[in-house]
Enquirer: 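My questions will all concern the structure given below.
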Amino acid sequence: MADSPPSKEESVQLIKKFGAYLTLKMSNLFSISIDNLSSRTLGTIAVVAVALVLTWRLLRTPAVPQRRQPKRQGPSTSSSSVNTHSSTAVISSSDDSRAQYVIDEFFQPVKPTLAQIVRQKLSDGRKVTCRLVGVVLEESSPEELQKHATVRSSVLEVLLEITKFCDLYLMERIVDDESGERVLLALEEAGIFTSAGLVKDKVLFCSTEIGRTSFVRQLEPDWHIDSNPEIITQLSRFIKHQLHISSSRSECTASNVYSSPNLEQFFGFQDRS
């Protein structure tokens, strides 16, 4: 019976022994004086050097793992295989869902800030005039201002953004001087003169609606905001853009007139909360 070939471990041991032998020979050769070296000795050194390189490369090569013979699988292999494939499918589905979620989050459109929306809606207008009653104040008529004046809290942030890049003027018709003082006090307590950067000199009062119309025409704003449809109609020929604040849905009287239930909704501020 023929001898079986040496195993990988035995081959490695033989190579190591051969390497040790070559190392010993090299040390003996290098102990000879250079003057006594002959051409035969130099040839021997070259052969030994090549042998060392080959030995190093053999030792450096990683051992190839032996292939195991597949075991015979019993009848339960089918169900096990099904379970394995099922688990793999679940994991794959979970990974796909997670990857899709990351992609959706990455490509989700960036929501614009309120400042960007205000600037875009006002078309970079630099001067804005705005009525107080029904827009900034809770009261719906000048007569109510004789008793109280209340600033709508939801409109404050919008006014702040408008005053950041627009010259804003607030105006209202009042019945008596006390109503004007009451309005200024309410605006001051709401912080409009500090956080919004508005000054009291830009809050204008008059005794008639015609006077308010004159204020708007003299200031020549890019935008006028009002809750009175008659004034909106009168000013549509003179003002570039107007916003009609009305709780009821009304048709625009001109192409340069917009309509909204309140100032916040026009700028999409309520949708962002």
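All figures in this text were calculated on a predicted structure; none of them were measured in a lab.
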Enquirer: When rounded to the nearest 0.5 angstrom, what is the spacing between CZ in Phe267 and CG in Leu122?
Expert: 4.0 Å
Enquirer: Given the ring of Tyr169, does Lys202 sit roughly above its face, with NZ or CZ under 6.0 Å from the centre of the six-membered ring and within 45° of the axis?
Expert: yes
Enquirer: Is Phe215 reachable from Val135 through a run of hydrophobic residues whose side-chain heavy atoms are each under 4.5 Å from the next?
Expert: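 Per the 4.5 Å side-chain linkage, Val135 and Phe215 are not co-clustered.
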Enquirer: Under 3.5 Å, side chain of Glu161 to main-chain N/O of Val158, donor-acceptor pair present?
Expert: no
Enquirer: With a 4.5 Å cut-off on side-chain heavy-atom distances among I, L, V, M, F, W and Y, is there a chain of contacts connecting Val203 to Leu156?
Expert: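 Yes; Leu156 is reachable from Val203 via cluster members.
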Enquirer: Going from CG on Leu132 to CG on Leu137, what distance comes out if it is rounded to the nearest 0.5 angstrom?
Expert: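 Answer for the CG-CG pair, Leu132 versus Leu137, is 5.0 Å.
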Enquirer: Would you say the side chain of Val128 lies within less than 4.5 Å of the side chain of Pro221, judging by non-hydrogen atoms?
Expert: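 A side-chain contact under 4.5 Å is absent here.
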Enquirer: Could you walk me through whether Leu185 and Leu187 pass the side-chain contact (heavy atoms from CB on, under 4.5 Å) check?
Expert: CA-CA 5 Å; Leu185 180 61; Leu187 293 174; over 6 Å; no
Enquirer: Working to the nearest 0.5 angstrom, can you tell me the gap between His241 NE2 and Asp222 CG?
Expert: 7.5 Å
Enquirer: What verdict does the side-chain contact (heavy atoms from CB on, under 4.5 Å) test give for Phe165 and Arg119, after you've listed the backbone C-alpha separation in whole Å, the side-chain angles of each residue and the deciding distance to 0.1 Å?
Expert: CA-CA 8 Å; Phe165 66 95; Arg119 185 181 293 269; 3.7 Å; yes
Enquirer: Would you say Glu264 and Ser154 are linked by a side-chain donor-acceptor pair, where the criterion is simply a distance under 3.5 Å?
Expert: yes
Enquirer: State, to 0.1 Å, how close Ser260 and Asn262 come at their nearest heavy-atom pair, and which atoms those are.
Expert: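 Closest pair (atom of Ser260, atom of Asn262, distance): OG-O, 2.8 Å.
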Enquirer: Closer than 3.5 angstrom, by distance alone: can the side chain of Arg131 be matched with the main-chain N or O of Leu170 as a donor-acceptor pair?
Expert: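 No, Arg131 side chain to Leu170 backbone: no donor-acceptor pair under 3.5 Å.
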Enquirer: How about Glu172 and Pro142: do any of their side-chain heavy atoms sit closer than 4.5 Å?
Expert: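 Side chain of Glu172 against side chain of Pro142, heavy atoms only: contact under 4.5 Å found.
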Enquirer: Is the shortest side-chain heavy-atom distance between Leu263 and Leu159 below 4.5 Å?
Expert: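 Leu263 reaches Leu159 side chain to side chain.
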Enquirer: Taking Ser123 for the side chain and Gly125 for the main chain, is one N or O donor matched with an acceptor at less than 3.5 Å?
Expert: no
Enquirer: Hey, are the side chains of Lys121 and Phe266 touching, using non-hydrogen atoms and a 4.5 Å cut-off?
Expert: yes
Enquirer: Taking only Lys NZ, Arg NE, NH1 and NH2, and the carboxylate oxygens of Asp or Glu, determine whether Glu220 and Lys127 approach each other closer than 4.0 Å.
Expert: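 So Glu220 does not pair with Lys127 through a salt bridge.
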Enquirer: Should Ser236 and Val257 count as side-chain neighbours, where that means a heavy-atom distance under 4.5 Å?
Expert: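 Ser236 vs Val257: side chains touch.
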Enquirer: Without hydrogens or angle criteria, can the side chains of Ser140 and Glu144 be said to hold a donor-acceptor pair below 3.5 Å?
Expert: yes
Enquirer: What's the spacing between Leu184 CG and Ser179 OG if we round to 0.5 Å?
Expert: 11.0 Å
Enquirer: Would you call Glu139-Lys147 a salt bridge at under 4.0 Å N-O?
Expert: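 Judged by the 4.0 Å cut-off on N to carboxylate O distance, Glu139 and Lys147 do not form a salt bridge.
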Enquirer: Can Leu235 be reached from Leu243 by stepping across I, L, V, M, F, W or Y side chains whose heavy atoms are under 4.5 Å apart?
Expert: no
Enquirer: Nearest 0.5 Å, what's the OG-CD distance between Ser259 and Gln265?
Expert: 10.0 Å
Enquirer: Return the CG to CD1 distance between Asp226 and Ile231, rounded to the nearest 0.5 Å.
Expert: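 Answer for the CG-CD1 pair, Asp226 versus Ile231, is 5.0 Å.
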Enquirer: The test is side-chain contact (heavy atoms from CB on, under 4.5 Å); show your working for Asn256 and Ile239 and say whether it passes.
Expert: CA-CA 8 Å; Asn256 62 338; Ile239 307 303; 5.6 Å; no
Enquirer: Val216 and Ile245: same hydrophobic cluster, using ILVMFWY side-chain contacts below 4.5 Å?
Expert: no
Enquirer: Could you tell me if Thr129 and His224 have a donor-acceptor pair between their side chains, going purely by distance under 3.5 Å?
Expert: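 Yes, side-chain donor-acceptor contact under 3.5 Å.
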Enquirer: Would you sort out whether Glu143 and Val175 count as a side-chain contact (heavy atoms from CB on, under 4.5 Å), showing the intermediate values?
Expert: CA-CA 7 Å; Glu143 287 72 23; Val175 178; 4.1 Å; yes
Enquirer: Can you check whether Pro229 reaches His244 side chain to side chain, under 4.5 Å on heavy atoms?
Expert: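 Yes, side chains in contact.
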Enquirer: Counting only heavy atoms not in Arg217, do more than 12 fall under 6.0 Å of its CZ?
Expert: no
Enquirer: Would you say the side chains of Glu209 and Asn228 form a donor-acceptor pair under 3.5 Å?
Expert: yes
Enquirer: If you measure only the distance, is there a donor-acceptor pair under 3.5 Å linking the side chains of Asp176 and Gln146?
Expert: yes
Enquirer: Ile117, Ile162: one ILVMFWY side-chain cluster at the under-4.5 Å cut-off?
Expert: yes
Enquirer: Would you kindly check if the NZ (Lys) or CZ (Arg) of Arg173 is within the cone defined by 45 degrees around the ring axis of Phe205 and under 6.0 Å from the six-membered ring centre?
Expert: no
